[in-house]
Amino acid sequence: MFPARSRGNKFAAMSLVDINRVTLTYKGASGGVLALQDTTLAVPQGDFAAVVGPSGCGKSSLMKLVTGLVPPDAGHISVFGDPVVGPVKIAGMAFQNPNLLPWRTVVENVLLPLEIVEPHRRRFRSEKAKYRERAETLLNTVGLHGFADRYPWELSGGMQQRVSLCRALIHQPALLMLDEPFAALDAFTREELWCVLRDLWQENRFTVILVTHDLREAVFLADKIHMMSARPGRIVLTRVIDLPRPRELDICFEPAFQNIVHELRIKIAEVRKA
Amino acid sequence: MTNSTLERLAPWLFTIALFVIWEAACRIFKIDPFVLPAPSEAFAAMYQYRWPLMRHSFVTLWTTMAGFTLAVVFGIVLGLMVGWSRTIYRGIYPVMIGFNSIPKVAIVPILVVWFGIGEIPAILTAFLISFFPIVVNVATGLATMEPELEDVLRALGARKLDIMLKVGIPRTQPYLFGSLKVAITLAFVGTVVSETIASNAGLGFVMVQAGSNFQMPLVFAGLLLLAVEGIAMYAVFAAVESHFTRWAFRSSMSAAA
Ligand SMILES: Nc1ncnc2c1ncn2[C@@H]1O[C@H](COP(=O)(O)OP(=O)(O)OP(=O)(O)O)[C@@H](O)[C@H]1O
Ligand SMILES: [Mg+2]
């Protein structure tokens with residue numbers, strides 16, 4: 001359902017997201033907090049990148065920088081080859097909390113981005129039926145068949161998170177930003193949603209930056225894992241995950257997978273001590 | 001009798017019990033009707049003066065509603081402005097809090113000088129006393145928007161007005177409707193305060209007149225009618241609230257009443 005990205009060829013050689021020596025300080029009443037220092041990170045078009053690191057190291061801040069929600073104090077960020085100066089306008093985002101609007105039905109929640117993003121915004125009224133159909137198709141692919149007209153409070157936490165994913169993807173963004181989207185879910189639901197995300201990505205090949213605390217999640221989903229140091233955050237390690245795709249959940253029990261997880265776990269323990 | 005019918009009847013039973021106790025106390029302790037008339041006497045006075053009371057009740061009701069309507073319009077506009085911009089919030093809030101701490105009784109004489117005796121001071125007093133909770137609640141609804149939701153929308157290129165229309169304003173609804181219940185009862189207070197000071201109509205006026213004629217049953221009849229109007233309007237806005245904001249009661253988000 002996502003159109004083939006014609007820009008793919010043109011940008012094939014370069015990064016979709018390019019973060020170059022970025023520093024970010026939060027100014028507070030009791031002095032500033034240096035959240036990120038000299039962070040450098042590149043994500044090629046169509047890649048699945050995961051960012052892991054100790055709590056409070058600036059992962060969420062990194063997401064805000066990439067989407068242009070906060071400006072850096074120093075350094076340079078570009079998305080799609082253009083320098084980021086304000087909100088990027090193309091990114092889909094989802095967080096740990098699904099943040100659905102309780103007064104809207106599931107399908108109306110999913111449609112929200114189309115009421116904002118051009119060119120859909122202009123066409124939204126006249127082509128509502130078509131958009132609705134698109135939203136329902138997307139809901140079906142994440143396993144929410146028949147829930148379009150329910151309200152969010154009638155759904156379980158896992159189902160709400162699926163809706164939140166659909167909302168992040170409905171406008172077919174080139175860039176998907178996920179900040180611990182599965183952290184609040186139970187283990188089974190989480191693994192189910194890994195597969196949902198894997199399938200959506202496999203099919204449409206948007207670029208993903210996933211922040212997570214779960215190393216297995218990162219290894220299972222990502223092409224590359226970027227590990228950050230304790231605050232002030234920097235990328236201290238980039239690990240390419242060359243496990244073959246498509247990956248099935250069984251892979252989690254294979255030695256190759258577990259070795260990578262183990263290796264990363266040791267690294268993160270070192271990083272936290274440092 | 002099942003539990004739920006008992007629950008439904010509870011307010012009526014409680015009210016009736018209150019009147020029965022009041023009546024019994026007056027009779028048993030032989031309380032002077034100039035001090036505290038029994039409810040039966042108050043109801044008798046209500047019946048005896050039913051036509052004038054009806055007219056004055058109506059005056060109180062419409063002046064209250066007029067003042068309250070002004071407060072709703074003004075309160076929503078001001079609340080949205082305060083919630084929209086921190087600068088406006090900073091600028092207006094101290095003045096508004098200062099203004100809200102002034103007893104409105106003190107303002108009535110000024111209103112009388114400006115507008116003369118009659119309905120206009122009553123309407124304005126009702127307005128002045130009831131707009132504050134509306135402003136505060138509307139502004140709170142906007143201010144407590146989840147920052148992550150705002151991020152989601154801004155990352156899509158939403159402008160401030162988009163966020164306001166799609167999220168801010170719908171989200172303030174439960175806060176607004178919650179505040180209307182409070183505001184309508186305050187509006188009655190404002191009207192009656194003004195009527196007792198400077199008016200020639202309305203329940204407040206009736207009670208002052210009856211008091212100076214030592215017609216205590218009539219004073220209490222006026223009080224009871226006032227209470228009835230207050231309860232009725234509260235019920236109307238409680239119904240409006242639960243109709244328009246059913247989602248807020250079902251989801252975890254709850255309104256500030
Ligand atoms: N709005 C803010 N104002 C001031 N300081 C902030 C703000 N947001 C984050 N910080 C600080 O910046 C640092 C990084 O925060 P950030 O939310 O990016 O961490 P994180 O890596 O996402 O943490 P977690 O894994 O717990 O979600 C923290 O030390 C925090 O105190
Ligand atoms: Mg975070």
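Quick note on labels: first sequence line is chain A, next is B, and so on, each numbered from 1.
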(message) Could you check whether any side-chain heavy atom of B/Gln173 comes within less than 4.5 Å of a side-chain heavy atom of A/Trp103, counting everything from C-beta outward?
(response) no
(request) Select all residues of residues 108-128 of chain A having any heavy atom within less than 4.5 Å of some heavy atom of chain B, and report them by number, or 'none'. (result) A/Leu112, A/Pro113, A/Glu115, A/Ile116, A/Val117, A/Arg121
(request) For B/Arg154 and A/Leu69, indicate whether the former's side chain and the latter's backbone hold a donor-acceptor pair under 3.5 Å. (result) yes
(request) Name, in order of residue number, those residues of residues 46-59 of chain A that have a heavy atom at a distance of less than 4.5 Å from a heavy atom in chain B; otherwise write 'none'. (result) none
(request) Please flag which part of A/Leu101 lies under 4.5 Å from any non-hydrogen atom of chain B: side chain, backbone, both or neither. (result) side chain
(message) Filter on side chain to side chain donor-acceptor pair (under 3.5 Å), then keep only pairs touching residues 61-81 of chain B, sequence neighbours left out; what's left?
(response) B/Thr64-B/Thr191
(request) Decide whether A/Asn99 and B/Glu148 meet the rule of one side-chain donor and one side-chain acceptor closer than 3.5 Å. (result) yes
(request) Check whether any side-chain heavy atom of B/Asp151 sits under 4.5 Å from a side-chain heavy atom of A/Phe95, and report yes or no. (result) yes
(request) Could you tell me which non-hydrogen atom of B/Leu156 sits nearest to which non-hydrogen atom of A/Ala91, and how far apart they are? (result) CD2-O, 3.5 Å
Result block: side-chain N/O donor-acceptor pairs under 3.5 angstrom for residues 91-101 of chain B, not counting sequence neighbours:
| from | atom 1 | to | atom 2 | distance (Å) |
| --- | --- | --- | --- | --- |
| B/Ser101 | OG | B/Ile97 | O | 2.6 |
| B/Ser101 | OG | B/Gly98 | O | 3.3 |

